[in-house]
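All heavy atoms count here, side chains included; hydrogens, waters and symmetry mates do not. So you know, we letter chains A, B, ... as the sequences are listed, proteins then strands, and number each from 1.
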Amino acid sequence: MSVVSKQKEQLRSAIQAAIEAAQAGGELELASVPEIGLEVPRDTDHGDFASNIALVTAKLARKAPREVAQIIVSHLPAGSFIRDVEVAGPGFINFFLSDDWLFETIRAIEKQGQTYGDSTHGAGEKILLEFVSANPVGPMNVVNARAAAVGDTLARLFRAAGYTVGTEFYVNDAGNQADVFARSLEARYQQLRNPEYPFPEDGYPASYVTDLAEVLDREHPHLGEMSLEERLAFCKRWGTDQMVEAQKADLKRYGVEFDLWFRERDLHSAGALKEAISFLENRGLLFEAEDALWFRSTDFGDDKDRVIVKSDGSYTYVTADIAYHHDKLKRGFTRLIDIWGPDHHGYIGRMKAAIQALGYSEDTLEVLILQYVALLRNGEQVKMSKRAGEFITMEDLVDEVGKDAARFFFLNRSPESHLDFDLDLAVEQSNENPVFYVQYAHARICSILRQGREMGVDLPKSDQVDLSLLAHEAEHALIKQLAALPEELLTAALERAPQRITPYALDLASLFHSFYTHCHILGEAEPVRDARLVLVTQVRSVLQKVLGILGVDAPEQM
RNA sequence: GCGCCUAUAGCUCAGAGGAUAGAGCACCGGCCUCCGGAGCCGGGUGCGCAGGUUCGAGUCCUGCUAGGCGCGCCA
């Protein structure tokens, strides 16, 4: 249990006891006592913790909120860890604690290191997080970059919250787009010898296809001996493999590595689609109409029924996706979280229907819809067309603004909000970027500790120093921020809100910078110096933890 | 027409039913005998509109308005 939770527990039982005492004395009449809410107020004038219990119960007690608060306060045990208590505002009870819990926080971080802030909340639950899943027919775009940042950080948050997590990239290498890509690649290959060779009307004209054709020609000279059918199959397999490798490299550079790259073609070759179809068939959920085979998804709340096998005998996208999700569930995952683009939101109904048809509850599948990213340059939206080969790729973005700034930028916004990414601004102001502000705090601490070492100062442990010397306002504010981490991480995971972490990091950095200007360290008398060295060491640890969650580097020097 | 998302400061965006709504950028002042000035301290404007629920609403509900996206035997 975190230090903050422990304080809240103690306060809760104190309040509970006070209410019971008031009831026994006939001062308060409550049929039932609701859960006692406690929060850390934003404003430090409002104490270390505050409760709204009097506001919540006022109606029940038929008294004014402030009066209820006053009665509760009068029955609080005296002389405890509660240093002071007051009734404030509309009826809040504000608690001012003795500083011990702050110092306990420092000892907890020192002891727990990079596991500080973790919890066991998700123990027993296995989450499969699927994200990016860009088609293997071209380079990834900036929405993919946004998805990668959000998904990767969510995965890290889930792990911190004690869940078992698997991350997957679904490679759609067996669908229409892969065929179109294969035909495009084959045509470019032919054109190396015969410039007149026709390029498919719906093909991808972008130059990377031409570049790829040249590699293909170089590495596979026997290709000309194949039949057209064989060659297309080869292009499809080889070409998508090349794209997957390129995507892997881009993502790795971006700090994202998946546990599994799941190939759609493996589902086909394993007969998983047929298996899924007969599974549904056995449950009487399929019917034939208009020469096609349909899934009666309306039985599970979908808007309309969906085609599973087209009239030409081929499968739809949803068929493979049902098989894929069935596979995930069979692997023992208890919750599936998919991150999709906004153009897929209409797809939620049929997938939730499929999950239920497979015998699981609707909320086994959770879909997070990521909104679009509009790129701005010179104040105007950059027009992009994948088909015309005109677009800013994820690789371009990372080249231009850097991994850390790009990730931080994406993670500073809520996933479901539309995002304008001003490239000029991101590049121009790269030195003023918030991410550097946080990294600078880390580098500064490293520098202090480095200089301390050079001066021959041994890094003290918390039990060797007098932590009560950390009495400055800036020090208390800093420690409170450290204490807030466990709740912050858990809430971010539960609400699927990675965008909560960047403000936390910025606040922590800001509180550190402020502390730094107000409180010197190495020049101070030994007891103060040592206490502060312990403090900044723990600040560094938490900065590393938080930057690690964001997937942003924590440099020792900048 | 139906569905999803969005609307908060000049701009880009945070915001957890609570007290005086925040950050960055931009703009204007201060702060270096001393650990990194990529820093600190101060300065000001805002919840699209109208109802409702609540002791209390930027937050929840309803209806409008505006923008983005979707509604395929495409993926």
Asks: Which part of the nucleic acid, if any, lies within reach of A:Ala292 when heavy atoms closer than 4.0 Å are counted: base, sugar-phosphate only, or nothing?
Replies: base
Asks: Does OP1 or OP2 of B:rC41 have a side-chain N or O of A:Ser514 closer than 4.0 Å?
Replies: yes
Asks: At under 4.0 Å between heavy atoms, what does A:Pro503 touch on the DNA or RNA strands: base, sugar-phosphate, or nothing?
Replies: sugar-phosphate
Asks: Got A:Phe300 and A:Arg296 here, is their nearest side-chain heavy-atom distance under 4.5 Å?
Replies: no
Asks: Does a nitrogen or oxygen in the side chain of A:Ser414 sit under 4.0 Å from OP1 or OP2 of B:rA14?
Replies: yes
Asks: Once you round to the nearest 0.5 Å, how far does CZ of A:Arg146 lie from CD of A:Gln371?
Replies: 7.5 Å
Asks: What's A:Ser417 touching, base or sugar-phosphate or nothing? Going by heavy atoms closer than 4.0 Å.
Replies: sugar-phosphate
Asks: With centres under 5.5 Å and planes under 30° as the test, does A:His344 stack with B:rG70?
Replies: no
Asks: Can you establish whether the number of heavy atoms outside A:Arg237 located under 6.0 Å from its atom CZ is more than 12?
Replies: no
Asks: Among the nucleotides B:rC40, B:rC55, B:rG36, which one has an atom lying closest to any side-chain atom of A:Tyr516?
Replies: B:rG36
Asks: Can you tell which of B:rU54, B:rC73, B:rG72 lies closest to the side chain of A:Lys304?
Replies: B:rG72
Asks: Ignoring backbone atoms, establish whether A:Lys310 has a side-chain N or O less than 4.0 Å from OP1 or OP2 of B:rC74.
Replies: yes
Asks: From the options B:rG15, B:rC69, B:rG67, select the nucleotide whose nearest atom is closest to the side chain of A:His345.
Replies: B:rC69
Asks: Would you measure the distance from the P atom in B:rC61 across to the matching atom in B:rC5 and give it in whole Å?
Replies: 10 Å
Asks: Kindly compute the distance separating OH (A:Tyr504) from CG (A:Leu550), expressed to the nearest 0.5 Å.
Replies: 11.5 Å
Asks: Both distances below 3.5 Å, Watson-Crick or wobble geometry, any strand: find the nucleotide opposite B:rA23.
Replies: B:rU12
Asks: Considering Watson-Crick and G-U wobble pairs with both distances under 3.5 Å, what does B:rC60 pair with?
Replies: B:rG52
Asks: Can you confirm whether more than 12 heavy atoms, excluding those of A:Lys274, are under 6.0 Å from its NZ atom?
Replies: no
Asks: If I pick the C1' atom on B:rA66 and the same atom on B:rA23, what distance separates them, to the nearest angstrom?
Replies: 27 Å
Asks: Using the P atoms only, state how far B:rG36 lies from B:rU20, rounded to an integer number of Å.
Replies: 42 Å
Asks: Look at A:Ser447 and B:rG36 and indicate whether a side-chain polar atom (N or O) is within less than 4.0 Å of OP1 or OP2.
Replies: yes
Asks: Let's see if you can work this out: which of B:rC40, B:rA16, B:rA38 has an atom nearest to the side-chain heavy atoms of A:Tyr440?
Replies: B:rA38
Asks: Applying the Watson-Crick and G-U wobble criteria at under 3.5 Å, what pairs with B:rA7? Answer none if nothing qualifies.
Replies: B:rU65
Asks: When you check the phosphate oxygens OP1 and OP2 of B:rG36, does a side-chain N or O of A:Gln451 lie under 4.0 Å from one of them?
Replies: yes
Asks: Counting Watson-Crick and G-U wobble pairs only, both distances under 3.5 Å, name the nucleotide matched with B:rC40, or none.
Replies: B:rG30
Asks: Can you classify the ring geometry of A:Tyr347 versus A:His344 as parallel (below 30°), tilted (30 to 60°) or perpendicular (above 60°)?
Replies: perpendicular
Asks: How close or far is atom P of B:rC69 from atom CD of A:Gln371, stated in whole angstroms?
Replies: 10 Å
Asks: Between A:Asn52 and A:Ile369, which is nearer to the 5' end of RNA chain B once each is assigned its nearest nucleotide?
Replies: A:Ile369
Asks: Of the nucleotides B:rC13, B:rG68, B:rG18, which one has an atom closest to the side chain of A:Leu55?
Replies: B:rG18
Asks: Name the closest nucleotide to the A:Tyr437 side chain, picking from B:rG39, B:rC5, B:rG36.
Replies: B:rG39
Asks: Classify the nucleic acid contact of A:Asp179 as base, sugar-phosphate or nothing, counting any heavy atom under 4.0 Å across all strands shown.
Replies: nothing
Asks: Establish, with yes or no, whether the OP1 or OP2 oxygen of B:rC73 is under 4.0 angstrom from a side-chain nitrogen or oxygen of A:Ser314.
Replies: no
